[in-house]
Enquirer: 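Dropping a structure here in structure tokens format, bear with me for questions.
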Amino acid sequence: MNGQLESGNFCLLPKSSMVHVKVKEDARIVSCIFSQNIKMCSLFSLQQLQNFLPASYSYEFGCLQMNPLMNRFLCLLVDCLDQGLGCSHFHQLKRDELFLYLRAFYTKEELACFFYPILGGDMNFKDFVLANYKQMKDVKDFAEKANLSLSTFNRRFRENFHISAHQWLISRKVESVRRDILMSNLTFSEIADKYNFSSPNYLATFCRQHYGMSPHEMRVQGRQSSGEQDV
């Protein structure tokens with residue numbers, strides 16, 4: 001998915017997301033890391049938002065705009081961080097304060113759509129998948145790691161991710177290969193070894209199939225567009 005994050009907006013990057021960012025001008029980004037069982041206030045948990053999703057909702061990457069009070073909160077937070085106030089207790093308080101503001105300033109429907117990728121399903125299973133997929137060669141290997149039969153693993157995977165495990169792993173591989181070609185100095189032989197291609201020729205075939213060009217063409221094109229800073 002492609003999206004643009006403009007000043008004054010914020011977005012959600014789920015655990016283990018793979019992101020390729022092009023910075024168009026000097027920017028400062030503040031991040032907040034949290035678990036899925038966090039409460040938005042003392043009486044309302046994040047997972048309760050799934051009850052407010054619109055019917056037949058289809059997720060697309062999107063951002064929410066900060067209102068003036070949230071912007072003032074963020075400016076004060078940045079000033080405190082710049083002054084060296086960075087203990088874990090301070091970070092926890094500010095994270096809880098942020099979620100109170102989210103609960104107060106946005107509708108439940110807006111928040112449900114925003115947090116959609118991390119709502120519902122078996123959160124322990126999702127965490128297991130996201131924590132281990134980079135080490136898995138294929139779905140069979142994944143099922144063995146989970147101590148599940150192949151059919152049970154595939155069923156639980158589709159229930160939680162709404163896509164087959166095989167298709168999901170291929171998508172992650174496509175993203176990872178592209179990242180290493182564009183953003184690393186690994187040789188194509190090293191990339192082929194890293195992703196268990198039998199030879200660089202098979203890597204080239206994979207790239208032509210998914211990107212429409214060879215690894216060399218991808219890397220040349222990426223460097224030609226390096227007038228924009230990659231991070």
Enquirer: For R72, look at atom CZ and say whether over 12 heavy atoms of other residues, nucleotides or ligands are found less than 6.0 Å away.
Expert: no

Enquirer: Following the transitive rule for hydrophobic clusters with a side-chain heavy-atom cut-off under 4.5 Å over Ile, Leu, Val, Met, Phe, Trp and Tyr, establish whether V30 and F73 coincide in one cluster.
Expert: yes

Enquirer: Is the shortest distance from a Lys or Arg side-chain nitrogen in R178 or E175 to a carboxylate oxygen in the other one below 4.0 Å?
Expert: no

Enquirer: What is the distance from atom CZ of F105 to atom CG of L100, rounded to the nearest 0.5 Å?
Expert: 9.5 Å

Enquirer: Is any side-chain heavy atom of R158 closer than 4.5 Å to a side-chain heavy atom of N154?
Expert: no

Enquirer: CG/D141 to CG/L150 distance, rounded to the nearest 0.5 angstrom?
Expert: 11.5 Å

Enquirer: So, for K126 and N160, which heavy atoms are closest and what is the spacing to 0.1 Å?
Expert: CE-O, 3.3 Å

Enquirer: Using the ring of each side chain (for Trp, its six-membered ring), is F157 parallel, tilted or perpendicular to F153, with breaks at 30° and 60°?
Expert: tilted

Enquirer: Rounded to the nearest 0.5 Å, what's the gap from CG on L203 to CG on D193? Could you check?
Expert: 10.0 Å

Enquirer: Which heavy-atom pair separates K137 from N196 by the least distance, and what is that distance?
Expert: CG-ND2, 4.1 Å

Enquirer: Show your working on side-chain contact (heavy atoms from CB on, under 4.5 Å) between F128 and F142 and close with a plain yes or no.
Expert: CA-CA 10 Å; F128 167 80; F142 223 154; 3.6 Å; yes

Enquirer: According to the interplanar angle, ranging from 0 to 90°, do the rings of W168 and Y133 count as parallel (below 30°), tilted (30 to 60°) or perpendicular (above 60°)?
Expert: perpendicular

Enquirer: Look at atom CD of Q83 and say whether more than 12 heavy atoms of other residues, nucleotides or ligands are closer to it than 6.0 Å.
Expert: no

Enquirer: Would you say L169 and D138 make side-chain contact, with heavy atoms under 4.5 Å?
Expert: no

Enquirer: Any donor and acceptor pair, going by atom type alone, linking the side chain of Y211 with main-chain N or O of V174 inside 3.5 Å?
Expert: yes

Enquirer: State, with a plain yes or no, whether a side-chain heavy atom of H91 is found less than 4.5 Å away from one of L81.
Expert: yes

Enquirer: Could you tell me which non-hydrogen atom of M218 sits nearest to which non-hydrogen atom of L182, and how far apart they are?
Expert: O-CD2, 3.2 Å

Enquirer: Are F206 and L186 connected into the same hydrophobic cluster when the rule is that any two of I, L, V, M, F, W, Y join if their side-chain heavy atoms are below 4.5 Å apart?
Expert: yes

Enquirer: Test M70 against L98 for side-chain contact (heavy atoms from CB on, under 4.5 Å), laying out the working first.
Expert: CA-CA 8 Å; M70 281 191 67; L98 171 62; 3.6 Å; yes

Enquirer: Hey, could you give me the CD/CE distance between Q221 and M213, rounded to the nearest 0.5 Å?
Expert: 4.0 Å

Enquirer: Can you tell me how far OG of S7 sits from CD of Q65, rounded to the nearest 0.5 angstrom?
Expert: 9.5 Å

Enquirer: If you count every heavy atom of other residues, nucleotides or ligands that lies below 6.0 Å from K173 atom NZ, does the total exceed 12?
Expert: yes

Enquirer: Say whether L46 and L12 are linked into one hydrophobic cluster, either directly or through other cluster members, by side-chain heavy-atom distances under 4.5 angstrom.
Expert: yes

Enquirer: Flag the pair I170 / H210 as yes when at least one side-chain heavy-atom distance between them is below 4.5 Å, and no otherwise.
Expert: yes

Enquirer: Are C87 and Q92 packed together at the side-chain level, in the sense that at least one heavy-atom pair is separated by less than 4.5 angstrom?
Expert: no

Enquirer: Taking the six-membered ring of F44 as reference, does the cationic atom of R103 (NZ for Lys, CZ for Arg) lie under 6.0 Å from its centre and within 45° of its axis?
Expert: yes

Enquirer: Between F188 and F197, is the gap from one ring center to the other below 6.0 Å?
Expert: no

Enquirer: Nearest 0.5 Å, please: how far is SG in C207 from CD in E217?
Expert: 10.0 Å

Enquirer: Between P200 and S189, what is the shortest heavy-atom contact and its length?
Expert: CG-OG, 3.5 Å

Enquirer: On a heavy-atom basis, which atom in D180 and which in K194 lie closest, and how many Å separate them?
Expert: OD2-NZ, 2.8 Å

Enquirer: Report, as yes or no, whether the 6.0 Å neighbourhood of atom CG on N185 holds more than 12 heavy atoms from other residues, nucleotides or ligands.
Expert: no

Enquirer: Is it possible for you to say whether L69 and L111 belong to one hydrophobic cluster, with membership spreading through side-chain heavy-atom contacts below 4.5 Å?
Expert: yes

Enquirer: I'd like to check F10 versus L74 (side-chain heavy atoms, cut-off strictly below 4.5 Å). Are they in contact?
Expert: no

Enquirer: If the threshold is 4.0 Å, N to carboxylate O, is there a salt bridge linking R155 and E159?
Expert: yes

Enquirer: Is it true that F34 and M66 fall in one hydrophobic cluster, defined by side-chain heavy atoms closer than 4.5 Å?
Expert: yes

Enquirer: Kindly give the heavy-atom pair with the smallest separation between R208 and S214, and that separation in Å.
Expert: NH2-CB, 3.7 Å

Enquirer: Any side-chain heavy atom of F115 within less than 4.5 Å of one from L102?
Expert: yes

